[in-house]
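For this chain, numbers begin at 1 and follow the sequence in order.
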Amino acid sequence: MSEAKGMEIIMKIDFDLKGILQGAVHKDRFWIRLVIVVTAVIMMGFSLSWLLLADLGPDPYTMLNNAVSRKIGISLGTWQALLNGILLVGVLLFGGRNIGFGTLANMLLVGYSIDFFSWVWRKALPLEIFGQFYVRLLIMVPALILFIVSAAVYMDIEMGSSPYDAIPFIIYEHFKKIPFRLLRIFYDLLFILVAMVFGGKLGIVTVLMAFTLGPVIERVGKMMKKIL
């Protein structure tokens, strides 16, 4: 790749990101929505820290990030931020939409929230109790519910999706004959397979999320809109 071509790509990414973020600031009730989306993202990290502790599987993307970070010896939050940055470049290059401050919050805060709360649990809780299956199950159920509700709030507040979630929409633009839900399932399964290559442990929750998470979050989001 020539230097001029490289600079052109960098300028395109910079222009696209600036335009997207400047447009987001002028949306109605920006600061209230920003506080809500940051809170929702932190709650996603909080619930995922419990799901990792329960050892029954997180969502496919967290499974991959947890496996790779352990393999290369850095924190989950740091690796997830790095991978999110790489994915964001790809999303911007291919004209991805739905990028905003919520995207940046998700990129940085989910992984580091997992790191922080996991550190708290290691310091504050007797981890040997999690060797019992019923304890792990009791943790998993409310943690999964909290994750779904937090993810629904994060998506419905319309401040941008994560790069991981934006990629299937870009793929769908080129393969519209494939139903989007089916495409998303294959997309999540691909990340699960890559996670397993890096030594990730496949849990029942991860499998359930791969097949049902999108429709469930969509349904919960619709229910919450009616209530709120």
K.L.:
Same hydrophobic cluster for I86 and V68, using side-chain heavy-atom links shorter than 4.5 Å among ILVMFWY?
P.N.:
no
K.L.:
Taking side chain as C-beta onward, heavy atoms only, is V91 less than 4.5 Å from F169?
P.N.:
no
K.L.:
Roughly how far apart are L183 CG and Y172 OH, rounded to 0.5 Å?
P.N.:
9.0 Å
K.L.:
Following the transitive rule for hydrophobic clusters with a side-chain heavy-atom cut-off under 4.5 Å over Ile, Leu, Val, Met, Phe, Trp and Tyr, establish whether V120 and L109 coincide in one cluster.
P.N.:
yes
K.L.:
Does any part of the side chain of F30, heavy atoms only, come nearer than 4.5 Å to the side chain of M159, both counted from C-beta?
P.N.:
yes
K.L.:
Counting only heavy atoms not in F198, do more than 12 sit closer than 6.0 Å to its CZ atom?
P.N.:
no
K.L.:
Counting distance only, does the side-chain N/O of N106 pair as donor-acceptor with the main-chain N or O of G102 below 3.5 Å?
P.N.:
no
K.L.:
Evaluate the criterion side chain to side chain contact (heavy atoms under 4.5 Å, CB included) for residue pair V35 and W31; output intermediate values, then yes/no.
P.N.:
CA-CA 6 Å; V35 170; W31 292 108; 5.7 Å; no
K.L.:
Taking a hydrophobic cluster as the set of Ile, Leu, Val, Met, Phe, Trp and Tyr residues connected by side-chain heavy atoms closer than 4.5 Å, whether directly or through intermediates, do M196 and L83 fall within one such cluster?
P.N.:
no
K.L.:
Do the side chain of R136 and the main chain of D55 share a donor and acceptor less than 3.5 angstrom apart?
P.N.:
yes
K.L.:
Check whether V153 and I145 end up in the same hydrophobic cluster, where Ile, Leu, Val, Met, Phe, Trp and Tyr are linked by side-chain heavy atoms less than 4.5 Å apart.
P.N.:
yes
K.L.:
Parallel, tilted or perpendicular, judged at 30° and 60°: which one describes the rings of Y164 and Y61?
P.N.:
parallel
K.L.:
Considering only heavy atoms from C-beta outward, does the side chain of F133 approach that of L56 to under 4.5 Å?
P.N.:
yes
K.L.:
Answer whether the closest heavy-atom distance between the side chains of K201 and M63 falls below 4.5 Å.
P.N.:
no
K.L.:
Would you call L34 and V38 a side-chain contact if the rule is heavy atoms closer than 4.5 Å?
P.N.:
yes
K.L.:
How close do S69 and W79 get, counting heavy atoms only, and between which atoms?
P.N.:
CB-CB, 4.0 Å
K.L.:
How far apart are the C-alpha atoms of M140 and L137, what are their side-chain angles, what is the distance that settles it, and do they pass the side chain to side chain contact (heavy atoms under 4.5 Å, CB included) test?
P.N.:
CA-CA 5 Å; M140 181 270 288; L137 196 62; 3.5 Å; yes
K.L.:
Considering all heavy atoms of both residues, which atom of A67 and which atom of A195 are nearest to each other, and what is their separation?
P.N.:
CB-O, 3.7 Å
K.L.:
Considering all heavy atoms of both residues, which atom of L48 and which atom of P58 are nearest to each other, and what is their separation?
P.N.:
CD2-CB, 4.0 Å
K.L.:
Can you confirm whether P163 sits close enough to T103 that some side-chain heavy atom of one is under 4.5 Å from a side-chain heavy atom of the other?
P.N.:
yes
K.L.:
Any chain of hydrophobic side-chain contacts (each under 4.5 Å) joining L76 to V197?
P.N.:
no
K.L.:
What verdict does the side chain to side chain contact (heavy atoms under 4.5 Å, CB included) test give for L104 and I99, after you've listed the backbone C-alpha separation in whole Å, the side-chain angles of each residue and the deciding distance to 0.1 Å?
P.N.:
CA-CA 8 Å; L104 300 179; I99 302 296; over 6 Å; no
K.L.:
Taking all non-hydrogen atoms of both residues, which atom of S150 and which atom of M44 are closest, and how far apart?
P.N.:
CB-CG, 3.6 Å
K.L.:
How far does CZ of F191 sit from OH of Y187, to the nearest 0.5 angstrom?
P.N.:
4.0 Å
K.L.:
Starting at OG1 of T78, measure out to CD1 of I72 and round the result to the nearest 0.5 Å.
P.N.:
9.5 Å
K.L.:
Roughly how far apart are M155 CE and S161 OG, rounded to 0.5 Å?
P.N.:
7.5 Å
K.L.:
Would you say S118's side chain and D115's backbone share a donor-acceptor pair under 3.5 angstrom?
P.N.:
no
K.L.:
Is there a donor-acceptor pair closer than 3.5 Å between any side-chain N or O of T212 and the backbone N or O of L208?
P.N.:
yes
K.L.:
Does some side-chain heavy atom of M209 sit less than 4.5 Å from a side-chain heavy atom of L51?
P.N.:
yes
K.L.:
Around atom CZ of R70, are there more than 12 heavy atoms of other residues, nucleotides or ligands at under 6.0 Å?
P.N.:
no
K.L.:
Run the side chain to side chain contact (heavy atoms under 4.5 Å, CB included) check on I114 and N65 step by step: do they pass?
P.N.:
CA-CA 11 Å; I114 294 173; N65 289 320; over 6 Å; no
K.L.:
Would you say D59 and V205 make side-chain contact, with heavy atoms under 4.5 Å?
P.N.:
no
K.L.:
What's the shortest heavy-atom distance between R184 and D165, and which atoms?
P.N.:
NH2-OD1, 2.9 Å
K.L.:
Closer than 3.5 angstrom, by distance alone: can the side chain of Y154 be matched with the main-chain N or O of I36 as a donor-acceptor pair?
P.N.:
no
K.L.:
Which heavy atom of I192 sits nearest a heavy atom of A210, and at what distance?
P.N.:
CD1-CB, 3.8 Å
K.L.:
Between CZ of R122 and CG of L53, what distance do you get to the nearest 0.5 Å?
P.N.:
9.5 Å
K.L.:
Are F116 and Y112 an aromatic pair by the rule of ring centers under 6.0 Å?
P.N.:
no
K.L.:
Roughly how far apart are L82 CG and L87 CG, rounded to 0.5 Å?
P.N.:
11.0 Å
K.L.:
Keeping T206 on the side-chain end and L202 on the backbone end, is there a donor-acceptor pair under 3.5 Å?
P.N.:
no
K.L.:
Classify the angle between the aromatic ring planes of W50 and F46 as parallel (below 30°), tilted (30 to 60°) or perpendicular (above 60°).
P.N.:
perpendicular
